[in-house]
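Read through the structure below, which is laid out as structure tokens, and then see the notes.
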Amino acid sequence: MNYLSIVFFLFIIIFFIIYYLIKPQYRYIAIFMGSYIFYGYANIKMLFVLAFITLISYMGGIMLEKFGGGYRRTAIYVISFALEIVILVVFKYTGFILNNVSDLLNRVFGNTFSPDWDIVLPIGLSFIIFQSINYLSEVYRDKVKAEKNIIRYAAFVAFFPTVLSGPIQKARNLLPQIYNPQAFDPEQAKKGTLLFVWGSFEKIMVTNKLSAIYLSIFSNYSNKSSAELLIGAVCFSLYIYADFSSYSDIARGIAKIMGIDVGKNFNNPYLSQSTSEFWRRWHISLNDWFIENIYIPLGGNRKGVVRKYINVFIVFFVSGLWHGANWHFVAWGVVNGLVVIIGQILKPLKKRIYKKLNIDENVESIVFIRRFIVFFLITFTWVFFSSGVMDSLRILKQILRFNYLSIFNPELLKIGGTAEATFITFVATIFFCWVQLKRQDEHKAFEVYNRQPFFLQCFPVALLVCVCVFGACATDASVDTQFLYFQF
């Protein structure tokens, strides 16, 4: 079920009415039923996969709590963890593995192998499995007690605001809120509504328009100038942020109306002054998952500098593979890992240079330069995320061999399709970036908003809704209501 659809609006209205009419101690049943209806709406068969994943981690948690310690407890954790990963591999990577093995065999023996693997990848499978593994990890490390009520636990795994693209929830944060839901809070509902409306604006007026530009450029990159390719790379960089941020805001908004806090998934990552900081601010819940379940178990930074960098590289490699069963995702992860490691290695050298030149590294101009460099480093790595490996290398090669005369091409003003569409995209993107900066301290921003007269509180919300409606209904608009991260 898509967030930006009439069906979902009807679903969510009915859900909220039922959710707040029934007694608080039974609301987890409403969450369970609503989540399964939401997830199984497009394909009811996917509910069997969801239920199977839930059952494995539920039984794993019960058995982990039964055995207080020793090798048997560790074995149960490892087996449960492995079973969840096996499900992910079967659905997401079997075709990728078979295709690569057949390509290798065909090179050796001729075109004699043709794999036939056609299986539907359940939407949001990676997020569901990572959330289940998070629960197993927390029970194993005694951070939470195993949930005995299977319906309540199933509501946690399938929690519909976050089930498709996160934020990946920790059991110690979400389960207590499901167990003991809050009464209806008008302030929280107002915050949730604002997040939902803003997320819809991000998707309709920013994401879709940036997507149209970068797709038109990258789909025919060999015939584009270096200026166009640079604009395409920047548009994709902003697109992927706006797309994922819009989903997260909508998900957080729905949860807040329910009186549940699912946490922020982004913290203005493009304000980062290093690539390491960028990945701490980007997709925070996934970053936490990799740290807790891969980086720390591998030894983290406890076994020397060389081992630390190896662990960082492994995390980025796995992150790239997690994003998709394709070599360009792996290349994206590897490139980011190398960029982060090189940045950490050069950090002491940069500090010595600042000190020798008597430069305050926190002065505004230096901060701006560092942010500028990080933005373009990350933007160039995103090219691998959007295109095949060889295509990405060709695009980057042409950008780096920049032809400065190409920026004077008047056709750049029509890069959005028409001059009007380009202008609207530019204004919407600048407005999006400005609001994101103002949201740096969300609590303070909401206090300022809440102090205004009621009609002035309603006006910007109504304006955003109207802009979204007219933007979606415009004759030249092509509104894609699917979110990029659903495929992961």
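Residues meeting the ring pair (Phe, Tyr, Trp, His ring centres under 6.0 Å) test with Phe81, sequence neighbours left out: Tyr77. For Tyr41, there are no ring pair (Phe, Tyr, Trp, His ring centres under 6.0 Å) partners, not counting sequence neighbours. For Arg439, the salt bridge (Lys or Arg N to Asp or Glu O under 4.0 Å) criterion is met by Asp249, Glu442, not counting sequence neighbours. In this structure, Phe48 has no side chain to side chain contact (heavy atoms under 4.5 Å, CB included) partners at least two apart in sequence or on a different chain. With sequence neighbours left out, the salt bridge (Lys or Arg N to Asp or Glu O under 4.0 Å) criterion links Glu147 to Arg152. Under the rule for a side chain to side chain contact (heavy atoms under 4.5 Å, CB included), the partners of Arg281 that lie at least two apart in sequence or sit in another chain are Asn267, Asn268, Pro269, Leu271, Ser272, Glu277, Gln440. With sequence neighbours left out, the ring pair (Phe, Tyr, Trp, His ring centres under 6.0 Å) criterion links Phe52 to no other residue. The salt bridge (Lys or Arg N to Asp or Glu O under 4.0 Å) test applied to Asp391 returns Arg394, not counting sequence neighbours. In this view, Ile76 and Met63, Leu64, Phe67, Ser80 satisfy the side chain to side chain contact (heavy atoms under 4.5 Å, CB included) rule, not counting sequence neighbours. For Val163, the side chain to side chain contact (heavy atoms under 4.5 Å, CB included) partners at least two apart in sequence or on another chain are Phe38, Tyr39, Ile128.
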Criterion ring-ring contact (aromatic ring centres under 6.0 Å, His included) on Trp332 and Phe316, from CA distance to verdict: CA-CA 9 Å; Trp332 169 79; Phe316 275 97; 7.8 Å; no
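Note on ring orientation: taking the six-membered ring where Trp is involved, the planes of Trp282 and Phe244 are perpendicular (angle over 60°, cut-offs 30° and 60°). Using the six-membered ring where Trp is involved, Phe156 and Tyr135 have ring planes that are tilted, between 30° and 60° apart. Trp434 and Phe431 have parallel rings, their planes meeting at less than 30° on a 0 to 90° scale where 60° marks the start of perpendicular. Between Phe11 and Phe8, the ring-plane angle classifies as tilted under the 30° and 60° cut-offs.
A donor-acceptor contact shorter than 3.5 Å links the side chain of Gln177 to the backbone of Asp261. Here the side chain of Ser285 pairs a donor or acceptor atom with the backbone of Ile168 at under 3.5 angstrom.
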Give every donor-acceptor pair under 3.5 Å between a side-chain atom in residues 227-237 and any protein atom, sequence neighbours left out.
| from | atom 1 | to | atom 2 | distance (Å) |
| --- | --- | --- | --- | --- |
| Glu228 | OE1 | Ser225 | N | 2.8 |
| Glu228 | OE1 | Ser225 | OG | 3.2 |
| Ser237 | OG | Tyr270 | OH | 2.5 |
| Ser237 | OG | Thr379 | OG1 | 3.1 |

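Under 3.5 Å, the side chains of Ser126 and Lys92 contain a donor-acceptor pair of N or O atoms.
Using a 4.0 Å cut-off between charged side-chain N and carboxylate O, Asp142 and Arg73 make a salt bridge. Electrostatic pairing of Asp288 and Lys170 counts as a salt bridge here, judged by a charged N lying under 4.0 Å from a carboxylate O.
In summary, the aromatic rings of Phe385 and His323 are positioned with their centroids under 6.0 Å apart.
Listed by first and then second residue, the salt bridge (charged side-chain N to carboxylate O under 4.0 Å, His left out) pairs that reach into residues 341-351 are Lys351-Glu361, sequence neighbours excluded.
To the nearest 0.5 Å, the span separating NZ on Lys224 from CD1 on Ile399 amounts to 13.5 Å.
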